[in-house]
Amino acid sequence: MKILVTGSFGMVGHAIQMVVENDEKLKAKYEWVFISSKDGDLKDPVQAKAIFDKHKPSHVIHLAARVGGLFSNLRYNLDFFRENMAINDNVLNFSFQNNVQKVVSCLSTCIFPDKTSYPIDETMIHNGPPHVSNFGYAYAKRMIDVLNQGYKVQHGKNYTSIIPTNVFGPHDNFDIQNGHVIPGLMHKTYLAKKNGEPLTVWGSGEPLRQFIYSLDLAKLIIWVTFNYEQTEPIILSVSPKDEISIKDAVNMVTKSMDFQNKIIFDTSKSDGQYKKTASNLKLMKLLPDFQFTPIDKAIKDTCDWFVQNYETARK
Ligand code: NAP
Ligand code: GDP
């Protein structure tokens with residue numbers, strides 16, 4: 001079996017590479033092909049076709065996407081929609097054309113309806129409009145589920161998707177303007193400490209999030225690839241009990257980086273969606289013994305990685 005991983009030099013892709021590298025069985029049993037945008041632009045059908053013709057994978061873990069935090073989504077909703085629609089349509093079409101057995105694509109809990117009951121589960125993706133802040137990304141990601149259903153109904157294919165909550169870890173995008181909250185906070189804390197300035201957190205700090213460490217997510221994605229047979233998506237998340245506030249995340253980052261200066265909450269900036277609490281019951285029924293890395297350890301390890309790799313980290 002040959003496993004092609006798209007977007008594999010991003011955060012989640014690096015984590016998958018690390019899990020594979022440290023697992024002799026995974027290395028011996030499967031041939032792994034890790035590609036990045038340097039191997040071709042997946043928005044372009046000609047380049048996407050060439051990648052699939054060259055590698056002829058039996059399985060695809062599809063991570064490539066235009067990804068960004070709240071403030072990038074607010075600015076570029078149209079671009080998020082168009083780029084992700086093109087990438088996903090090409091990857092699924094050329095997987096089908098090349099008779100790929102299994103494709104695992106990524107959705108996200110931020111694509112769920114804004115007005116909903118909690119906890120959200122896998123059956124609720126299409127139940128209403130997403131939060132207005134990221135409608136472009138959300139609708140494009142929802143269409144992966146539509147494509148997967150289409151390939152199943154029309155062609156009997158086994159293409160599925162996973163729904164991670166907010167992810168963080170080494171090799172994240174630490175760009176302050178465009179990245180997600182945890183890498184953004186780490187970068188801002190690093191600079192504030194270096195310059196002896198206060199740390200400015202955007203928004204009230206009150207919104208709630210379930211965070212998952214990229215290395216935990218990588219292990220779960222590999223498990224899904226070889227063990228999960230449904231077309232319907234599966235949420236990959238810590239329990240709703242482990243949901244924390246942005247303020248809690250700020251405290252963990254500042255503690256990990258030994259930051260003692262003042263912390264300011266800039267409430268003129270958007271809070272985004274207040275919460276998107278997701279149920280992990282489906283996952284826990286199938287994989288009850290999975291151990292998530294405690295969040296304070298995962299944040300400390302990621303802060304240490306960022307400081308050690310400051311010069312080369314994506315920022
Ligand atoms: P990431 O670090 O930004 O990695 C995504 C990778 O996709 C990038 O490394 C990029 O490759 C590649 N890519 C983007 N556009 C491409 C194109 N047109 N052609 C080929 N490759 C392209 O993102 P991530 O956080 O690892 O996310 C991985 C997946 O998880 C995505 O599908 C994302 O939607 C999903 N997800 C992420 C989060 C999160 O909190 N980060 C939460 C839920 C779901 P280059 O680096 O070579 O440009
Ligand atoms: P989301 O979970 O999809 O909304 O995306 P983010 O990872 O960007 O998290 C956004 C939440 O973190 C919002 O409540 C923001 O107000 C808050 N936040 C606080 N500081 C920052 C920051 O420096 N960057 C980002 N992206 N969000 C921040």
Side-chain angles (χ1 to χ4, degrees), residues 5-16 34-44 47-48 51 61-74 79-80 82-84 86-88 90-91 104-111 130-131 133-134 137-138 140-141 144 161-189 199-214 217-218 221 235-237 245-247 249-250 253 263-276 278 314:
V5 187
T6 72
S8 56
F9 289 80
M11 170 179 52
V12 180
H14 264 107
I16 290 189
F34 296 108
I35 59 167
S36 76
S37 61
K38 291 198 186 87
D39 296 277
D41 180 352
L42 291 168
K43 296 195 295 299
D44 174 4
Q47 295 181 50
I51 287 174
I61 297 178
H62 172 37
L63 308 174
R66 176 154 177 166
V67 180
L70 167 64
F71 297 92
S72 183
N73 276 275
L74 281 166
D79 296 350
F80 275 92
R82 296 193 64 220
E83 289 184 28
N84 286 317
I87 292 172
N88 298 333
N90 286 331
V91 167
V104 179
S105 304
C106 290
L107 314 185
S108 165
T109 47
C110 64
I111 74 165
H131 192 261
S133 60
N134 67 348
Y137 178 82
K141 288 284 187 181
I144 290 179
S161 59
I162 54 152
I163 311 180
T165 45
N166 290 52
V167 193
F168 70 95
H171 300 278
D172 205 341
N173 179 7
F174 292 85
D175 179 301
I176 291 172
Q177 296 303 326
N178 292 305
H180 285 102
V181 56
I182 289 202
L185 287 172
M186 287 177 185
H187 194 175
K188 289 198 287 193
T189 304
L199 164 66
T200 304
V201 178
W202 294 340
S204 66
E206 283 166 20
L208 302 172
R209 296 290 183 266
Q210 282 154 294
F211 291 102
I212 182 167
Y213 189 36
S214 59
L217 179 61
I221 292 175
I235 292 171
L236 303 183
S237 170
S245 69
I246 299 296
K247 212 172 269 176
V250 170
V253 169
I263 299 172
I264 297 164
F265 288 85
D266 178 357
T267 51
S268 71
K269 294 268 196 184
S270 171
D271 266 347
Q273 205 162 358
Y274 174 64
K275 65 178 184 176
K276 35 192 177 176
R314 238 189 322 165

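Whatever order the structure lists ligands and atoms in, that order sets their numbers, starting from 1. Values below: every heavy atom of this structure, side chains too, minus hydrogens, waters and symmetry copies.
In this structure, a donor-acceptor pair under 3.5 Å is present between the side chains of Ser204 and Asp271.
Within the 4.5 Å cutoff, side-chain heavy atoms of Val201 are placed close to those of Ile263. Inter-residue side-chain proximity for Ile87 and Thr6 is flagged as unmet; no heavy-atom pair is nearer than 4.5 Å. Contact of the Ile111 side chain with the Pro130 side chain is not registered, since no non-hydrogen atoms from C-beta on lie closer than 4.5 Å.
Of the candidates Asp175, Asp271, Thr109, it is Asp271 that places a heavy atom closest to atom 14 (O) of ligand 2. Distances from atom 26 (N) of ligand 2 to the heavy atoms of Gly69, Gly179, Gly184 show the closest one on Gly179. For atom 6 (P) of ligand 2, the candidate residues are Val181, Ile111, Leu208; the nearest heavy-atom contact is made by Val181.
Of all the atoms in ligand 2, the ones that sit under 4.0 Å from a non-hydrogen atom of Lys188 are 22 (C), 23 (O). Interface atoms of ligand 2 facing Ser270, defined by a heavy-atom separation under 4.0 Å, are 15 (C), 16 (O). Near Pro207, meaning under 4.0 Å from one of its heavy atoms, ligand 2 places the atoms 14 (O). Residue Val201 approaches ligand 2 through these ligand atoms, each under 4.0 Å from one of its heavy atoms: 19 (C), 20 (N). Close contacts of ligand 2 with Asn166, meaning ligand atoms under 4.0 Å from a residue heavy atom, involve 2 (O), 7 (O). If you number the atoms of ligand 2 from 1 as listed, the ones under 4.0 Å from a heavy atom of Arg209 come out as 1 (P), 2 (O), 4 (O). Close approach to Lys276 involves these atoms of ligand 2, each under 4.0 Å from a residue heavy atom: 1 (P), 2 (O), 3 (O).
Remark: minimum distance from atom 22 (C) of ligand 2 to any protein heavy atom is reached at Trp202 CE3, 3.5 Å. Protein heavy atom in closest approach to atom 11 (C) of ligand 2: Ile246 CD1, 3.9 Å.
Evaluated for a side chain to side chain contact (heavy atoms under 4.5 Å, CB included) with Val12, the options Leu63, Ile212, Asp172 yield exactly one hit, Leu63.
In this structure, OG in Ser270 is found 11.0 Å from CG in Asn73, a value given to the nearest 0.5 Å. One finds the NE2 atom of His62 at 8.0 Å from the SG atom of Cys106 (value rounded to the nearest 0.5 Å). In this structure, CD on Gln47 lies 10.5 Å from CG on Asp39, to the nearest 0.5 angstrom. We find the CG-OG distance between Asn166 and Ser237 to be 9.5 Å, quoted to the nearest 0.5 Å.
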If you look at each N/O of ligand 1, which protein N/O atoms lie under 3.5 Å away, and at what distance?
unit_1: ligand 1; atom_1: 2 (O); unit_2: Met11; atom_2: N; d: 2.8
unit_1: ligand 1; atom_1: 2 (O); unit_2: Arg314; atom_2: NH2; d: 2.6
unit_1: ligand 1; atom_1: 3 (O); unit_2: Arg314; atom_2: NH1; d: 3.4
unit_1: ligand 1; atom_1: 7 (O); unit_2: Ala65; atom_2: N; d: 3.4
unit_1: ligand 1; atom_1: 9 (O); unit_2: Gly10; atom_2: N; d: 3.3
unit_1: ligand 1; atom_1: 18 (N); unit_2: Asp41; atom_2: OD1; d: 2.8
unit_1: ligand 1; atom_1: 19 (N); unit_2: Leu42; atom_2: N; d: 2.9
unit_1: ligand 1; atom_1: 26 (O); unit_2: Met11; atom_2: N; d: 3.2
unit_1: ligand 1; atom_1: 26 (O); unit_2: Val12; atom_2: N; d: 2.9
unit_1: ligand 1; atom_1: 32 (O); unit_2: Leu63; atom_2: O; d: 2.8
unit_1: ligand 1; atom_1: 32 (O); unit_2: Lys141; atom_2: NZ; d: 3.0
unit_1: ligand 1; atom_1: 34 (O); unit_2: Tyr137; atom_2: OH; d: 2.6
unit_1: ligand 1; atom_1: 34 (O); unit_2: Lys141; atom_2: NZ; d: 2.9
unit_1: ligand 1; atom_1: 40 (O); unit_2: Val167; atom_2: N; d: 2.9
unit_1: ligand 1; atom_1: 47 (O); unit_2: Ser37; atom_2: N; d: 3.0
unit_1: ligand 1; atom_1: 47 (O); unit_2: Ser37; atom_2: OG; d: 2.6
unit_1: ligand 1; atom_1: 48 (O); unit_2: Ser37; atom_2: OG; d: 2.9

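Ring to ring, Phe168 and His180 are not that close: their centroids are 6.0 angstrom or more apart.
The number of heavy atoms from other shown groups lying within 6.0 Å of CZ (Arg82) does not exceed 12.
When all heavy atoms of Phe80 and Gly68 are compared, the pair lying nearest together is CE2-N, 3.6 Å. Counting all heavy atoms, side chain and backbone alike, Phe174 lies closest to His187 at O-ND1, 2.7 Å.
Residue contacts with ligand 2 for Leu70 involve both N, CA, C or O and side-chain atoms from C-beta outward (heavy atoms, distance under 4.0 Å).
Residue contact check for ligand 2: Lys269 places no non-hydrogen atom closer than 4.0 Å to it.
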